[in-house]
Amino acid sequence: MGLSIIILAAGQGTRMRSDLPKVLQPLAGKPLLAHVLACSRALAADDVCVVYGHGAEDVQAELPEPDIRWALQAEQLGTGHAVQRAMPETPDENRVLILAGDVPLLMPATLERLLAETPAGEMAVLTVDMDDPTGYGRIVRANDSVQYIVEQKDASDDQCRIREINTGVILCPGDKLKSWLANLGNNNSQGEYYLTDVIALAVADNVKVHGIKADSSMEVMGINDKKQLAEAERALQARLVDELMQEGVGFADPARVDIRGTLKCGKDVFIDVNAVFEGDVELGDGTKIESNNLIRESKLGASTMVHSNCHIEGATTGANCEIGPFARLRPGAELADNVKVGNFVEIKKSTVADGSKVNHLTYIGDAEIGAGVNVGAGTITCNYDGANKHKTKIGDGAFIGSGVELVAPVEIGAGATIGAGSTITRRAPGDSLTLERSKQKSIEGWAKPVNKDTK
Ligand code: UD1
Ligand code: CA
């Protein structure tokens with residue numbers, strides 16, 4: 001028996017009060033819908049269909065996955081109406097698993113259990129007991145099976161007291177679902193075609209509806225507003241950090257770190273508070289990340305130390321590097337082993353070879369720096385002439401004095417020394433001292449200016 005998955009993602013999400021469609025609101029750096037899709041991928045379905053509508057183009061653009069079947073729900077007339085849009089191309093003989101695009105923490109194992117515990121030809125609703133069931137559809141049971149679901153807005157006071165809720169995950173035989181959907185009405189407080197009304201139609205058709213309970217209410221929480229989005233973010237962060245701690249990663253405070261992408265860590269990595277990781281980040285064995293760092297799409301080699309307050313993006317380091325505090329590595333910064341980058345240093349699209357040091361107040365852009373180079377404080381590679389970028393090359397073992405301007409394109413030979421304060425516009429030969437300065441003058445008896453107002 002085949003499996004079709006339908007993900008409902010057409011709604012606007014009015015309660016978000018945002019121009020961004022609800023299913024594109026970011027959770028751990030990815031749209032809500034991307035989390036649901038990732039979960040559905042784990043089930044090896046024959047067919048995954050996303051029902052889209054509000055913000056149609058943006059939603060499709062954010063998820064350029066080629067094997068998604070898209071079903072347009074141009075007008076959002078309810079969850080039942082949404083599923084109907086996906087049915088024409090859904091094979092009758094398949095089981096249909098319906099997921100909501102706003103329930104992002106769902107785990108594949110829970111869905112696998114739902115599939116395994118529901119006999120062929122029968123139906124199931126994933127439910128959970130919530131301490132505070134406000135806003136959710138309530139599960140009305142009799143004789144251990146589900147009789148119907150009543151939405152909060154249509155529920156009596158007694159029904160509102162039911163704590164077992166509909167998570168929005170429903171499993172149905174395809175052929176029967178088609179016929180029940182055709183019989184839905186919209187005579188309810190919201191004037192919508194509710195998918196949840198399918199349950200009563202199934203019961204009337206003598207199809208058993210299993211109410212299968214999820215283990216955790218957090219896993220199945222629906223995200224309707226910013227408060228729930230923030231709650232889900234913390235829950236997901238806790239899950240990601242738990243996984244890393246089990247792999248041996250140390251955190252000063254598991255609640256004060258954010259992983260918005262994939263963080264891969266070697267052995268004995270330690271991460272202090274307020275570190276934010278975005279995209280694919282890799283930290284080698286023994287790496288230490290001090291407090292207040294943003295690290296995005298970067299790979300740091302073994303035993304690298306990142307001191308506080310750095311901004312690192314699209315960078316790689318070798319082993320034993322030391323970065324910061326207050327350093328900025330921009331895309332294309334490639335540091336070899338044993339490199340030191342100190343405070344208020346910015347490095348962009350440049351390679352720095354083994355053991356070199358750029359320790360204070362410096363800009364390095366479009367440069368190739370050899371091994372064992374010392375770049376003095378306040379050095380600038382002048383890489384941009386207002387129209388084009390040019391390269392600076394510094395040979396192995398060169399010593400660049402403080403406050404030097406290297407006007408690119410320019411090359412400094414291996415072992416060269418550049419005197420402090422020089423503006424270098426031509427090749428500086430290796431193993432020699434190059435200076436570019438005006439002669440120092442002193443004016444004896446020079447009268448200091450005085451403040452006219454105090455006269
Ligand atoms: C829905 C359920 C409720 C359940 C809750 C779980 C119905 C009628 N109610 O309520 O029983 O407890 O989810 O979180 O099903 N959508 C469409 N097209 C539409 C309307 C909605 O695609 O016309 C999509 C939304 O984008 C969203 C999902 O369906 O991803 C759920 O819609 P939402 O409006 O959030 O339903 P709830 O009121 O939360
Ligand atoms: Ca919802």
Side-chain angles (χ1 to χ4, degrees), residues 274 290-294 306-313 315 322-333 335 339-350 352 355-370 372-395 397-455:
N274 298 335
E290 288 189 352
S291 58
N292 303 328
N293 276 295
L294 177 82
V306 181
H307 295 290
S308 293
N309 300 299
C310 294
H311 190 288
I312 297 176
E313 175 176 13
E322 208 175 325
I323 300 167
F326 297 100
R328 178 167 185 210
L329 299 183
R330 289 171 53 198
L335 315 185
V339 170
K340 279 186 160 188
V341 175
N343 37 224
F344 309 108
V345 171
E346 172 181 351
I347 298 186
K348 182 216 82 169
K349 207 175 170 192
S350 296
V352 183
S356 289
K357 295 177 185 167
V358 189
N359 271 338
H360 328 268
L361 300 160
T362 289
Y363 173 65
I364 301 291
D366 303 297
E368 262 176 59
I369 298 183
V373 168
N374 191 313
V375 177
T379 293
I380 304 225
T381 54
C382 308
N383 60 330
Y384 187 50
D385 59 14
N388 297 296
K389 303 275 170 69
H390 302 281
K391 279 197 98 166
T392 300
K393 285 188 185 175
I394 302 177
F399 180 94
I400 314 293
S402 297
V404 168
E405 282 144 6
L406 299 165
V407 183
V410 72
E411 196 173 334
I412 309 298
T417 298
I418 307 296
S422 299
T423 299
I424 302 296
T425 55
R426 280 174 291 146
R427 184 175 193 286
D431 299 316
S432 23
L433 170 67
T434 301
L435 283 171
E436 192 282 333
R437 282 182 201 156
S438 58
K439 222 175 187 176
Q440 184 165 327
K441 287 187 257 194
S442 300
I443 299 169
E444 267 174 49
W446 178 67
K448 276 190 190 172
V450 281
N451 187 330
K452 288 174 189 150
D453 294 341
T454 58
K455 251 191 187 169

Do Asn293 side-chain atoms and Cys310 backbone N/O form a donor-acceptor pair below 3.5 Å? yes
Might you point out which heavy atoms bring Pro449 and Trp446 nearest each other, and give the distance in Å? CD-CH2, 4.0 Å
Run the numbers on Ile394 and Glu368 for side chain to side chain contact (heavy atoms under 4.5 Å, CB included), then give the verdict. CA-CA 6 Å; Ile394 302 177; Glu368 262 176 59; over 6 Å; no
Is any side-chain heavy atom of Asp385 closer than 4.5 Å to a side-chain heavy atom of Val407? no
Quick check for you: to the nearest 0.5 Å, what is the distance between Ile323 atom CD1 and Ile312 atom CD1? 4.5 Å
Just checking Lys348: does its NZ atom have more than 12 heavy atoms from other residues, nucleotides or ligands closer to it than 6.0 angstrom? yes
Donor-acceptor check, side chain of Arg437 to backbone of Ala420, threshold 3.5 angstrom: yes or no? yes
Could you tell me which residues satisfy salt bridge (charged side-chain N to carboxylate O under 4.0 Å, His left out) with Lys389, sequence neighbours excluded, listed by chain and number? none
Distance, nearest 0.5 Å, that separates CG of Asn309 from CZ of Phe344: 8.5 Å
Under a 4.5 Å cut-off applied to non-hydrogen side-chain atoms, are Glu313 and Pro331 in contact? yes
For a 4.5 angstrom cut-off between non-hydrogen side-chain atoms, does Ile418 reach Leu433? no
Contact between Ile400 and Asn374 at the side-chain level, heavy atoms closer than 4.5 Å - yes or no? no
Which atoms form the tightest heavy-atom contact between Ala315 and Leu329, and what is the distance? CB-CB, 3.8 Å
The reported gap from CG in Leu361 to OG1 in Thr379 (rounded to nearest 0.5 angstrom) is 9.5 Å
Does any part of the side chain of Arg330, heavy atoms only, come nearer than 4.5 Å to the side chain of Glu346, both counted from C-beta? yes
Side chain of Ser432, backbone of Pro429: donor and acceptor closer than 3.5 Å? yes
Distance-only, no hydrogens or angles: does the Ser356 side chain make a donor-acceptor pair with backbone N or O of Gly370 under 3.5 Å? yes
Matching residue for Thr362 among Ile380, Thr381, Val345, Val341 - test: side-chain contact (heavy atoms from CB on, under 4.5 Å): Val345
I need the Asn274 CG to Asn292 CG distance, nearest 0.5 Å. 5.0 Å
Across all chains, not counting sequence neighbours, the salt bridge (charged side-chain N to carboxylate O under 4.0 Å, His left out) partners of Arg328 are none
Side chain Ser350, main chain Ala367, donor-acceptor under 3.5 Å: yes
If we only count heavy atoms from C-beta on, is the Asn383 to Thr392 side-chain gap below 4.5 Å? no
Answer with yes or no whether the side chains of Asp366 and His390 bring together a donor and an acceptor at under 3.5 Å. no
Any salt bridge (charged side-chain N to carboxylate O under 4.0 Å, His left out) pairs touching residues 410-434, not counting sequence neighbours? none
Could you go step by step and tell me if Lys340 and Asn359 meet the side chain to side chain contact (heavy atoms under 4.5 Å, CB included) rule? CA-CA 7 Å; Lys340 279 186 160 188; Asn359 271 338; 3.6 Å; yes
Does the pair Val404 and Thr423 meet the rule for a side chain to side chain contact (heavy atoms under 4.5 Å, CB included), with working shown? CA-CA 6 Å; Val404 168; Thr423 299; over 6 Å; no
